[in-house]
Amino acid sequence: MEGYGGPLARRLEAVGSCLESEGVASREVFLRLVDKTPREEYGDYGFPLMRFAGGRDLEGVLSKVKDCVEALGVNGVSLSIHRGFLNLKFNEDIIGGEAISLYEKGWRVDVIKVGGAEAKNIVVEHTSANPVHPLHIGHARNASLGDTLARMLEARGHRVVRRYYVNDVGRQMAVVVYGFKMLNTTPRDVAATLKTKVDHAIGWVYALTHTAVDFALARKNMIEEDLNLLASTLARLRERGSPELADKIIGAVLSLEDPEAEVSKIMLRYEMGLEPEKSLVRSIAEAALEGFRETLEKLGVEFDYWDWESDIVWSGLLAGVLNELSRSGFTKVHKGTVALDTAAVIRDVVEGDSVLRESIKLPRGFEVPPMVLYRSDGTTLYWTRDIAYSIYKFQHSKADRVINVVAVEQKLPQLQIRLALAAIGRVREAANMIHYEYEMVNLPGRAMSGRRGEYVTLDELLEEAEARAFYEVKARNPDLEEETARNIARKVAAGAIRFSLVQPGALKPLTFDTAKVLNFEENTGPYLQYTHARASNILEKHGPIKYELANPKTYSEPLRRNILITALAYPMISAKAADELRPEDLAAYLLKLADIFNKWYQKDSVIHEKDPGAREAKATLVKLVKDTLSSGLTLLGVTPLERM
RNA sequence: GGGCCCGUAGCUCAGCCAGGAUAGAGCGCCGGCCUCCUAAGCCGGCGGUCGGGGGUUCAAAUCCCCCCGGGCCCGCCA
C-alpha cells in the first residue's frame with residue numbers, strides 16, 4: 001500500500017484527475033487548492049471552480065466530471081456546484097466502511113509516501129551551536145524546527161541525513177581556549193568546582209574571558225562608559241561562578257598588554273592544525289558537545305553526523321575551494337583583501353539563468369556587498385569555510401537538496417554562499433541549497449547574550465518544566481509510581497517546549513514566555529498528549545476491536561462523521577506539510593482533530609454503548625484518532641502518551 | 001540610505017504564496033458542567049474600521065503602489 005493515502009485521498013485524486021482530463025484544472029492544482037468548506041451545508045471539501053472555468057458552463061463541467069468519476073469506479077463522493085465552487089460531499093457509510101475494512105487488513109495511518117524517483121537525498125543541517133556556551137531557548141527553536149523537518153521529510157519517503165556543524169575554527173572558540181589556558185585546567189575540573197554541567201562551565205569561562213578581554217580593550221581606549229558596564233558584568237559573573245577561578249582569568253587578562261593578540265594567535269595556530277592548540281580546542285569542544293547531546297536527547301533530537309569545521313580546513317577541501325574561487329575570475333581586491341565579486345557573479349552567471357535566479361532568491365534592486373574571503377592575517381572567515389562545507393554536505397550525502405536551518409539574521413551570508421557556489425560552476429548546489437530561516441526567540445524584558453553569559457539555558461527550562469509537569473501528573477494520579485510519573489513528566493515537559501516552538505510560523509518573532517509554555521491548560525503539546533491518552537484509555541477499556549461487527553452507518557451522527565472525515569485527511573495534510581516545509585500546518589491540524597475528538601468524547605461514550613455495531617464502529621474511530629495523533633505527534637517530536 | 005520580514009479580537013496567532021462562500025482558533029474575561037470512557041476536558045457569552053490611504057477586479061485580509069509602526073541585515077563577528 002505504498003503511497004496510499006486512504007479513502008479520502010483516493011477520492012480527491014480521482015476528482016482531480018477528472019478535472020484534468022476535462023481540461024479545467026490540473027490534478028496538482030486541484031489537490032493544492034481543494035480545501036474544507038467554510039460551512040457544512042456546502043459539503044466537506046470545496047474547490048473554486050469559477051477561477052478555472054473560463055466561461056464554460058459550470059453545470060456542464062459538473063456533469064462531465066461526475067461521469068468521469070463514475071467511470072473510474074470511484075463511489076462515495078457526491079459533487080455539486082454552489083456559487084461557483086465545486087463542492088464534494090463524502091458518504092460516511094461508504095468511506096467509513098472502507099476505513100474499517102482497511103483497518104481489518106492491517107492498514108496503518110501514515111504520511112503519503114513519494115514514489116521511487118521522487119524520493120530524494122536530503123540533508124538537514126540544524127542547531128550547529130558554537131561549543132562555547134550551553135544551549136539556550138534560541139537553539140531549541142532551531143533544533144525543534146530542524147528535527148521536525150527531518151522527521152517529516154523522512155516520513156514522506158525521502159532519505160534524510162541530519163548534520164550538526166561544529167564551529168571550532170573561529171574567534172569564539174579561541175577565546176574560550178585562551179580562558180582555559182590561563183586557568184591551566186580542564187572543563188571537567190571547572191564543572192566540578194562550579195557543580196554544573198560541563199557545557200555550562202565552558203559557557204561561564206567563555207563569558208568571563210570574553211568580557212575581561214573587552215574590558216582590557218576598553219581600558220586601552222579609555223572608554224569610560226563601557227568600562228563601568230563591563231566591570232559590573234565581570235562582578236556578576238564572578239559571583240555566579242567561582243570567584244577564585246574568575247580572579248585568575250581576570251588577573252591574567254589584565255596583566256597583558258594586548259590580550260586580543262593572544263586570542264588571534266590561538267586562532268591562527270589552530271587553523272594551521274598546530275599543537276598544543278589542536279588537542280586543546282578539540283578536547284574543550286568535545287566536552288561542550290557532550291553536554292549538548294545530553295540536552296538534545298531530552299528533546300528527542302539526534303544527529304547522524306557531527307561535522308567539524310576544522311576538518312574542512314585540514315582536509316584541504318577549503319584550500320581546493322579557494323583555489324577554484326580564485327581561478328573563477330570572480331575574485332577581486334576589496335579594502336586590501338581578497339573578496340568574491342558578487343556583483344560580477346550576478347551579472348555573468350545568475351542573470352542569464354532564470355531558474356537559478358528564481359531559486360537563489362535574489363532580491364530585486366539589491367546590491368549584494370562583496371564577500372570578503374580572508375582576514376588580513378590570512379585566516380579565513382566563517383562564511384568562507386561555509387562555502388566549502390556546503391559542497392561537502394552535497395558530496396558526502398550525495399544530496400539532492402541541502403536544508404540549512406539558520407536564523408534569519410544570516411540571510412545575507414547564506415545568499416553570498418549560494419553566489420559563491422554559482423561562481424565556481426556549482427549551479428545545481430546553489431539552486432538546491434535552501435536557507436530555512438527562522439526568527440529569533442526573545443525573552444520578555446531582556447536580550448540574550450552568550451558573550452556576557454546572559455541567557456536562559458535549555459537545561460534550566462527543561463528542569464523547570466519537568467518539575468511543573470511532575471506536580472501535575474502526581475496531582476492527577478496519586479497512585480502512580482515515582483519513576484513512571486517522572487518519566488511521564490519528562491515527556492510532557494519536552495513536548496510542551498517542542499510544540500510551542502514549532503506551532504507558530506518560523507518567521508514569527510517569538511517572545512518566549514516560560515509561564516505560558518509551562519501552563520499545560522492551553523492549546524498545546526500536552527493538550528494533544530492528553531487527548532492521545534484519553535483515546536488510549538478508551539481502547540484499553542474497550543479491548544480488541546471486532547471490526548466485523550462495526551456498523552459504518554452509525555457514522556452519520558454529525559460529530560462522528562466530522563471526526564472520520566477530518567482524521568482521514570491526515571495522510572494528505574502531513575504530506576503537504578512536509579513538501580512545503582511547514583510543520584506549523586501539521587500542528588494546527590492536530591489541534592483541530594483533538595478539538596473535535598474532545599467535543600465528541602464529552603457526550604458520546606464508547607464503552608457504555610449498548611449496540612455492538614455502533615460500539616465497534618466508535619472504537620474504530622477512536623483508534624483512527626489515536627493512530628493519527630500518534631503519527632503526527634511523533635513527526636513533531638512530541639511523545640504520544642498512553643497515560644498522563 | 002538600501003534590502004528582507006512582521007503588523008488580523010485585550011494578548012498569542014491561523015488564513016495572504018495559488019483573490020471568491022457570514023474573517024477563524026487559543027488564551028484572558030463573564031456564566032455553567034465531574035454518582036457516567038482521565039475536568040491537562042466540555043458548553044454558552046462578550047470581543048475585529050484585517051496598521052492607514054489609493055489602485056486593479058464582478059469580487060481584496062489576500063494582488064499592485066504609497067505611507068506609518070516594529071524587527072533583522074548591509075562587519076577582515078558567528
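First the proteins, then the strands, lettered A, B, ... as listed; each starts at 1.
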Stacking check: are the rings of A:Tyr42 and B:A21 less than 5.5 Å apart at their centres and under 30 degrees in tilt? yes
N-O pairing of A:Lys618 and A:Asp611 below 4.0 Å: no
Note every stem involving RNA chain B: at least three consecutive Watson-Crick or G-U wobble pairs, i with j then i+1 with j-1, with both distances under 3.5 Å. B:1-7 with B:68-74, B:10-13 with B:24-27, B:29-33 with B:41-45, B:51-55 with B:63-67
Does A:Asn598 make a side-chain donor-acceptor contact with the base of B:A39, cut-off 3.5 Å? no
Mind calculating the distance between NZ (A:Lys36) and C1' (B:A25) to the nearest angstrom? 14 Å
Rounding to the closest angstrom, what is the interatomic distance between B:G26 and B:C42 at atom C1'? 15 Å
Rounded P spacing from B:G41 to B:U49 in Å: 30 Å
For the residue pair A:Phe85 and A:Tyr42, is the inter-centroid distance of their aromatic rings smaller than 6.0 Å? no
I need the A:Ser128 OG to A:His139 NE2 distance, nearest 0.5 Å. 9.5 Å
Test: A:Arg534 cationic atom under 6.0 Å from A:Phe597 six-membered ring centre, within 45° of axis: no
Please work out if A:Met440 contacts a base, only the sugar-phosphate, or nothing of the nucleic acid, heavy-atom cut-off 4.0 Å. nothing
Would you mind reading off the distance between A:Arg534 atom CZ and B:C37 atom P, rounded to a whole angstrom? 10 Å
Chi class for B:C63: syn within 90° of 0, otherwise anti: anti
Counting side-chain heavy atoms from C-beta on, which of B:G20, B:A78, B:C74 comes nearest to A:Asn167? B:A78
Taken to the nearest 0.5 Å, the spacing of A:Glu41 CD from A:Asn87 CG works out to 10.0 Å
Can you work out whether A:Tyr45 or A:Asn477 has the more 5'-proximal nearest nucleotide on RNA chain B? A:Tyr45
Base, sugar-phosphate, or nothing for A:Asp604, non-hydrogen atoms under 4.0 angstrom? base
Just call it for A:Val372: base, sugar-phosphate, or nothing, with non-hydrogen atoms closer than 4.0 Å on any strand. sugar-phosphate
Pick the nucleotide of RNA chain B nearest each of A:Ala594 and A:Ile538; which residue has the one closer to the 5' end? A:Ile538
Would you indicate, yes or no, if B:A78 has its OP1 or OP2 atom less than 4.0 angstrom from a side-chain nitrogen or oxygen of A:Arg171? no
Taken to the nearest whole Å, CG/A:Asp35 to P/B:U62 is 19 Å
P-based separation of B:A60 from B:G55 [nearest Å]: 12 Å
Salt bridge check: are A:Glu464 and A:Arg468 linked by an N-O gap of less than 4.0 Å? no
Can you tell me how far P of B:A25 sits from OH of A:Tyr527, to the nearest Å? 13 Å
Using a heavy-atom cut-off of 4.0 Å across all strands, would you classify A:Arg83 as base, sugar-phosphate, or nothing? sugar-phosphate
Could you tell me the separation between the NZ atom of A:Lys599 and the C1' atom of B:G44, rounded to a whole number of Å? 12 Å
Got a sec: does the NZ of A:Lys332 have more than 12 other heavy atoms crowding it under 6.0 Å? yes
Remember a base hit wins even if backbone is also touched, and classify A:Arg468 as base, sugar-phosphate or nothing at under 4.0 Å, heavy atoms. nothing
Given A:Arg498 and A:Thr148, is the side chain to side chain donor-acceptor pair (under 3.5 Å) satisfied, shown in steps? CA-CA 9 Å; A:Arg498 275 195 73 147; A:Thr148 299; 3.1 Å; yes
It should be established whether A:Arg615 places a side-chain nitrogen or oxygen under 4.0 Å from OP1 or OP2 of nucleotide B:C37. no
Parallel, tilted or perpendicular: which describes the rings of A:Phe52 and A:Phe47, with under 30° parallel and over 60° perpendicular? parallel
Residues A:Thr342 and A:Gln416: side-chain donor-acceptor under 3.5 angstrom: no
By centroid distance (under 5.5 Å) and plane angle (under 30°), are A:Tyr530 and B:G41 in a stacked arrangement? no
Write down the distance separating the P atoms in B:G48 and B:A9, rounded off to the nearest Å. 10 Å
When you compare B:G7 with B:C13, how far apart are their P atoms, in angstrom units rounded to a whole number? 9 Å
Would A:Glu616 and A:Lys623 pass as an ion pair if we require N to O under 4.0 Å? no
Using the C1' atom on both, measure B:U12 against B:A78 and round to a whole Å. 31 Å
With the threshold set at 4.0 Å, does a side-chain nitrogen-carboxylate oxygen contact exist between A:Lys576 and A:Asp585? no
From A:Leu49 atom CG to A:Leu33 atom CG, the distance as rounded to the nearest 0.5 Å: 11.5 Å
Distances under 3.5 Å only, N/O to N/O: pair up the protein atoms with those of nucleotides 2-4 of chain B.
unit_1 : atom_1 : unit_2   : atom_2 : d
B:C4   : O2'    : A:Lys411 : NZ     : 2.8

Give the rounded distance in Å between these two atoms: CG of A:Leu373 and C1' of B:G75. 14 Å
How close or far is atom P of B:A40 from atom CZ of A:Phe499, stated in whole angstroms? 18 Å
Applying the side-chain contact (heavy atoms from CB on, under 4.5 Å) test to A:Ile417, which of A:His435, A:Gln410, A:Met433 qualifies? A:Met433
Rounding to an integer number of angstrom, what distance separates B:G24 and B:C50 when you compare their P atoms? 14 Å
Once you apply a heavy-atom cut-off of 4.0 Å, does A:Val473 come out as touching a base, just sugar-phosphate, or nothing? base
How does protein reach along nucleotides 11-18 of chain B, written 5' to 3' as B (base within reach of a heavy atom under 4.0 Å), S (only sugar-phosphate), or - (no contact)? -SSSS--B
Rounding to a whole Å, what distance do you find between A:Glu260:CD and B:C77:C1'? 11 Å
Name the nucleic acid region contacted by A:Thr37, choosing base, sugar-phosphate or nothing; use a 4.0 angstrom heavy-atom cut-off, strictly under. base
Distance between P atoms of B:U62 and B:G54 (Å, rounded): 13 Å
Looking at every strand, decide which applies to A:Ile607 at a 4.0 Å heavy-atom threshold: base, sugar-phosphate, or nothing. base
Do A:Asn167 and A:Gln172 have side-chain atoms, one donor and one acceptor, less than 3.5 Å apart? no
